[in-house]
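Everything below concerns the one structure shown next.
In this text the structure is predicted, and so the values were computed from the model without any measurement. Remember, it's 1-based here, ligands and their atoms both numbered in the order they're listed. One is the number of the first residue; the rest follow in order along the sequence.
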Amino acid sequence: MREFAGKGNFIVTIDGPAGVGKSTLAKRLAKHLGIAYLDTGAMYRSLALHAGAGVADLSDAEMREMFTAYSYALKKEDDQYALYFNGKKIGEEIRTEKAGRLASVVAKIPEVRKALQKFQREIGEETALVAEGRDMGTVVFPYAPVKFFLDARPEVRAKRRYDELTGKGQQEKYEDILQNIIARDEQDRNRAADPLAPHENAIIVDTSELDIEGVFQELVRHCQIVAAGDK
Ligand SMILES: Nc1ncnc2c1ncn2[C@@H]1O[C@H](COP(=O)(O)OP(=O)(O)O)[C@@H](O)[C@H]1O
Ligand SMILES: Nc1ccn([C@H]2C[C@H](O)[C@@H](COP(=O)(O)OP(=O)(O)O)O2)c(=O)n1
């Protein structure tokens, strides 16, 4: 893939609601393209678990002060990309429904968003990447030449998350996961700060009736169209 002119590195963005398949497809597409992969949800989850829900009660000045002590780093380890928060590798501890709920609360705070978006842009200035989250195409990398918005019916996303969590031995009821997903969709889509929505030029892919391979082939097809258009 060509180096993207304009702002520097080649960036692909993948946004979408909870459980749609962003991380799975972003990792696979990044490997296929030979570029880095950035899971921005992991940044909100790790911060939320570290700072706790009380962070919502801090003043903007206290929030800014708190962030001066935080750091994130993206490191390539073998053929995987690992995200570090304050020098510690972010692991499976963030992959719970509780962490997702807490992250969605913390993600409503403009000061938090500004601080994490600054880290995200710095990583994008260091390396070409596939960046996934809620506001990658709309706010963080609006100049990205390829912007995807994955979507699927809430029931489909809840079943995917249910299968994922039970596969990891986490006992969550399907109904609870569905209610969590609906509540998080509402919170992420209706917040004042950087609400979840597709960029006007985003390629919207409804994955409700597609398996992982089917979504992957659709993303690759669109990347090839963009690449061909650049020749
Ligand atoms: N199109 C799909 N069909 C079936 N399962 C999928 C699909 N996309 C993702 N999954 C599975 O759904 C679960 C959630 O995917 P994930 O990538 O974590 O979603 P997100 O990052 O959007 O929350 C994972 O177990 C993943 O393997
Ligand atoms: N770029 C981002 C990434 C995540 N968030 C918030 C909103 C999400 O509900 C939480 C958790 O995001 P994450 O992508 O890890 O959650 P899912 O994997 O989609 O369930 O963080 C955000 O506001 N902006």
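Cation-pi geometry between K75 and Y84 is satisfied (NZ or CZ under 6.0 Å from the ring centre, within 45° of the ring normal).
The nearest non-hydrogen atom to atom 18 (O) of ligand 1, considering only R184, R161, K168, comes from R161. Heavy-atom proximity to atom 23 (O) of ligand 2, evaluated over Q117, R113, Q187, is greatest for R113.
Ranking the protein heavy atoms by distance from atom 7 (C) of ligand 1 puts I212 CG1, 3.4 Å first. Ranking the protein heavy atoms by distance from atom 11 (C) of ligand 2 puts R184 NH1, 3.6 Å first. For atom 12 (O) of ligand 1, the closest heavy atom belonging to the protein is R160 CB, 3.3 Å. Atom 25 (O) of ligand 1 has E164 CB, 3.4 Å as its closest protein atom, hydrogens excluded (heavy atom only). In terms of protein heavy-atom proximity, atom 19 (O) of ligand 2 is closest to K22 NZ, 2.7 Å. Counting only heavy atoms of the protein, atom 14 (O) of ligand 2 lies nearest to R134 NH1, 3.0 Å. Among protein heavy atoms, the minimum distance from atom 15 (O) of ligand 2 is reached at R45 NE, 2.6 Å. At the top of the distance list for atom 6 (C) of ligand 2, counting protein heavy atoms only, stands A107 CB, 3.6 Å. Of the protein's non-hydrogen atoms, L210 O, 2.9 Å is the one closest to atom 1 (N) of ligand 1. Closest protein heavy atom to atom 19 (O) of ligand 1: G21 N, 3.0 Å.
At a heavy-atom distance under 4.0 Å, no atom of L150 approaches ligand 1. Using a 4.0 Å cut-off between heavy atoms, V20 contacts ligand 1 through both its backbone and its side chain.
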How far apart are the C-alpha atoms of Y81 and Y37, what are their side-chain angles, what is the distance that settles it, and do they pass the ring-ring contact (aromatic ring centres under 6.0 Å, His included) test? CA-CA 6 Å; Y81 284 87; Y37 156 66; 7.8 Å; no
Take D194 and Q117, measure what side chain to side chain donor-acceptor pair (under 3.5 Å) needs, and give me the verdict at the end. CA-CA 11 Å; D194 313 327; Q117 288 161 351; 2.7 Å; yes
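Shown are V20, L219, V205, I203; of these, the side chain to side chain contact (heavy atoms under 4.5 Å, CB included) with I14 is made only by L219.
Residue-environment remark: OH (Y162) stays at or below the threshold of 12 foreign heavy atoms within 6.0 Å.
Considering backbone and side-chain atoms together, D39 places no N or O closer than 3.5 Å to any N or O of ligand 2. For the pair S23 and ligand 2, the shortest N or O to N or O distance does not fall below 3.5 Å. Close N/O approach between T24 and ligand 1 is found [any backbone or side-chain N/O within under 3.5 Å]. Polar contact check, S23 against ligand 1: a nitrogen or oxygen pair lies under 3.5 Å apart. Between E132 and ligand 2, no N or O atom pair is found at a separation short of 3.5 Å.
Side chains of P154 and L178 form a contact here, defined as non-hydrogen atoms less than 4.5 Å apart. For the pair L29 and C223, the minimum side-chain heavy-atom distance is below 4.5 Å. A heavy-atom distance below 4.5 Å is found between the side chains of V112 and Y44. Side-chain atoms of L196 and Q187, non-hydrogen and from C-beta on, never get closer than 4.5 Å to each other.
Within the listing of ligand 2, atoms 22 (C), 23 (O) sit less than 4.0 angstrom from a heavy atom of R191. Set against the non-hydrogen atoms of D188, the atoms of ligand 2 under 4.0 Å away are 7 (C), 8 (C), 9 (O). Contact atoms of ligand 2 toward M136: 1 (N) (distance under 4.0 Å to a heavy atom of the residue). Annotation for ligand 2: atoms under 4.0 Å from non-hydrogen atoms of R161 are 18 (O), 20 (O). Within ligand 2, counting atoms from 1 as listed, the ones closer than 4.0 Å to a heavy atom of G19 are 19 (O), 20 (O). For ligand 2, the atoms closer than 4.0 angstrom to any heavy atom of G41 are 3 (C), 4 (C), 12 (O), 13 (P), 14 (O), 15 (O). Interface atoms of ligand 2 facing A103, defined by a heavy-atom separation under 4.0 Å, are 10 (C), 11 (C), 21 (O).
Distances shorter than 4.0 angstrom do not occur between any heavy atom of M43 and any atom of ligand 2. Contact analysis leaves K108 out of contact with ligand 2, as no non-hydrogen atom separation drops below 4.0 angstrom. Using a 4.0 Å cutoff on heavy atoms, G19 counts as a contact of ligand 1.
Using a cutoff of 4.0 Å between basic side-chain nitrogens and carboxylate oxygens, D135 and R113 are scored as salt-bridged. We find that K168 and E92 are joined by a salt bridge, their nearest charged nitrogen and carboxylate oxygen being less than 4.0 Å apart. A salt bridge links R157 to D185: at least one charged side-chain nitrogen sits closer than 4.0 Å to a carboxylate oxygen.
Between the side chain of T207 and the main chain of A152, no donor-acceptor pair closer than 3.5 Å is present. Not a single donor-acceptor pair under 3.5 Å links the side chain of S104 to the backbone N or O of R101. Side-chain N or O atoms of D211 include one that pairs as donor or acceptor with a backbone N or O of E213 at under 3.5 Å. Panel note: side chain Q217, backbone G214; no donor-acceptor pair is recorded below 3.5 Å.
Heavy-atom minimum distance, P145 versus F10: CG-CE1, 3.5 Å.
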